[in-house]
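To start, the structure itself, in structure tokens.
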Amino acid sequence: MSRFYILLSLLPAALVAATVSVFGQSGVAPQPADLIVTNAHVVTMNARKDIIEQGAVIIKDARILAVGPAALADRYVAPKTIDAGGDLVLPGMINTHTHAPMTVFRGLGDDVPDRLRRFIFPLEKNLVNRELVYWGALHGIIEMIEGGVTTMVNMYYFEEEVARAAKLAGMRGVLGQTVINFPAPDSPEPYGGIARAREFAAAYRGDPLITPAIAPHAPYTVDREHLLKIAALSAELDLPVLMHVAEMTEEMTSLRKDYNMTPIEYLDSVGLLNRRLIAAHCIFVTDSDIALLKARDAGIAHNMVANIKSAKGVAPVLKMFNQELRVGLGTDGPMSGNTLDIIGQLGYVAKLHKLDNKDRNVMPAANVVEMATRGGARALHREDQLGSLEPGKLADVIIIDKDATHMIPLYDPYSALVYAASPRDVRTTIIHGRVVMEDRRITTVDVAEVRAQMRAIAARINAAIAKGLK
Ligand SMILES: [Zn+2]
């Protein structure tokens with residue numbers, strides 16, 4: 001069976017004419033493009049999971065113009081061509097849940113109980129400010145670009161600083177202002193994040209890279225009255241809602257006691273369980289919760305590595321995936337999962353679901369790569385724009401080295417990616433048609449400056465901890 005193909009059936013109407021003319025005529029002048037990736041082993045992650053062993057990807061105006069066999073490249077002319085040298089070319093990975101600025105706290109409060117209230121909240125209360133958020137976010141974004149992440153879903157304080165860092169680095173982001181029931185680093189009043197989210201949404205509406213969102217921290221840190229307000233604001237402005245859901249035992253017991261509901265039922269009762277929600281974790285969900293998540297078409301961020309480390313449990317994502325819920329993969333913050341690339345999650349997702357189900361056949365590698373790419377796009381309800389290499393989609397593309405020792409031999413790209421690849425194998429990252437890392441060199445940001453800033457911030461954090469956090 002030939003694996004070469006041309007995806008005419010999936011082309012948006014506007015592109016059909018152009019592409020047909022390319023293939024329908026010979027001897028015509030090459031079509032203009034902005035960037036050509038040639039000599040590529042293309043893993044498209046389209047609905048058929050087509051793979052093109054000798055392929056090309058053509059990019060114009062931040063979008064994918066065409067994907068097909070290598071000869072396709074001869075039909076286009078562009079100011080820049082990247083020879084992938086036979087390496088794997090994939091859609092960029094989507095990190096559906098993180099807190100990038102917390103890179104500044106990475107490695108603090110590991111391996112201890114009640115980390116959230118004993119370490120994370122006090123560190124944030126004492127230390128988080130605009131500057132820390134900006135540099136921490138930028139550092140986290142660099143790590144993601146280096147690891148092949150092209151879209152991040154981030155929730156933190158001073159989210160406008162995260163947006164500033166993302167714009168500089170060229171990262172795509174769904175960025176949510178955090179709402180919480182106590183005075184926060186960016187708001188002296190409890191729940192000040194709601195007003196901040198409205199301002200943030202106004203400032204970034206229509207931005208090509210940034211999708212503003214609102215991020216109620218969790219059902220146990222935002223009361224019912226404010227969840228209702230957030231649901232209304234989300235509906236009014238069509239804002240995505242990012243939230244930790246069904247993650248904590250205190251959350252389960254308090255909602256059972258106060259409302260006799262599961263967190264999923266509770267969110268439904270306040271009007272938040274809908275297509276705008278991206279629910280992180282969903283560890284403690286019942287079969288009827290899964291049915292409700294599907295009926296309401298909510299997105300789910302599966303953070304396997306963070307969940308293993310916290311010893312909370314394995315979210316029933318195998319059931320969710322098999323029932324075609326909108327599940328993507330996330331890293332959670334660097335105090336929870338410690339690293340921000342998605343490649344480092346893949347093997348754990350495949351293997352822990354096998355162990356959890358006592359069945360080595362379940363959660364095959366191809367399904368895990370699907371969750372990392374088009375699954376993440378589905379979790380964001382952005383599958384028409386992101387998550388696969390198909391004409392008309394946004395040009396978020398990564399190139400992964402096949403020459404690393406652990407990648408040789410390569411019989412099955414999915415197996416290699418899930419069970420052998422390392423984030424350091426990502427050679428080149430393209431976001432919105434812009435090459436933001438080429439052959440491991442970040443093109444948009446002075447990495448040395450960011451690292452120097454991070455070390456200076458870490459020294460201040462160490463000094464503050466030595467004096468004692470209030
Ligand atoms: Zn989180």
Side-chain angles (χ1 to χ4, degrees), residues 94-110 114-124 128 133 136-137 140-141 143-144 149 151-159 162 173-182 184-186 193 197 213-222 230 240-252 263 267 272 277-285 298-315 317 327-342 344-345 348-349 376 379-380:
I94 298 178
N95 186 348
T96 57
H97 178 68
T98 192
H99 316 279
M102 294 178 78
T103 45
V104 297
F105 300 132
R106 172 160 46 204
L108 292 173
D110 284 339
D114 193 21
R115 208 177 46 106
L116 183 65
R117 295 189 193 284
R118 284 176 63 209
F119 288 90
I120 298 181
F121 286 162
L123 281 167
E124 290 177 332
V128 170
V133 169
I141 289 165
E143 182 180 342
M144 284 188 256
V149 172
T151 298
M152 63 167 178
V153 179
N154 191 78
M155 54 193 283
Y156 208 57
Y157 307 106
F158 296 111
E159 202 66 30
V162 181
V174 179
L175 309 182
Q177 291 283 18
T178 291
V179 180
I180 202 156
N181 63 355
F182 52 76
D186 60 355
I214 187 164
H217 175 266
Y220 58 94
T221 46
V222 179
I230 290 162
V241 175
L242 321 178
M243 191 172 191
H244 299 111
V245 178
E247 181 196 10
M248 306 287 261
T249 46
E250 72 173 278
E251 171 188 1
M252 307 306 295
L267 293 183
L272 278 170
L277 180 69
I278 302 165
H281 302 302
C282 295
I283 299 170
F284 306 116
V285 293
I300 294 120
H302 179 35
N303 303 273
M304 178 60 99
V305 170
N307 295 162
I308 299 168
K309 187 177 167 225
S310 68
K312 292 211 178 79
V314 177
V317 158
V327 186
L329 303 183
T331 59
D332 209 344
M335 283 188 82
S336 303
N338 297 58
T339 52
L340 299 181
D341 63 276
I342 292 295
Q345 303 281 320
Y348 288 99
V349 173
L380 275 52

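Counting convention: from 1, in listed order, for ligands and their atoms alike. Model, not experiment: these values are computed from the prediction.
Judged purely by atom type and a 3.5 angstrom limit, N154 has no side-chain atom pairing as donor or acceptor with the backbone of G173.
Evaluation of the side-chain contact (heavy atoms from CB on, under 4.5 Å) rule for V128 yields F105, E124, L132, V133, Y156, F158, P185 as partners, not counting sequence neighbours. In terms of the salt bridge (charged side-chain N to carboxylate O under 4.0 Å, His left out) criterion, residue partners of D186 (sequence neighbours excluded) are, by chain and number, R196. Shown here are the side-chain contact (heavy atoms from CB on, under 4.5 Å) partners of N307, two or more places apart in sequence or in another chain: H281, I283, N303.
Using a 4.5 Å heavy-atom cutoff, the side chains of H97 and I278 are not in contact.
Only protein N, O or S atoms were scored, and 4 of them lie under 2.8 Å from the Zn ion (ligand 1).
Here the closest non-hydrogen pair linking M155 and T178 is C-OG1, 3.8 Å.
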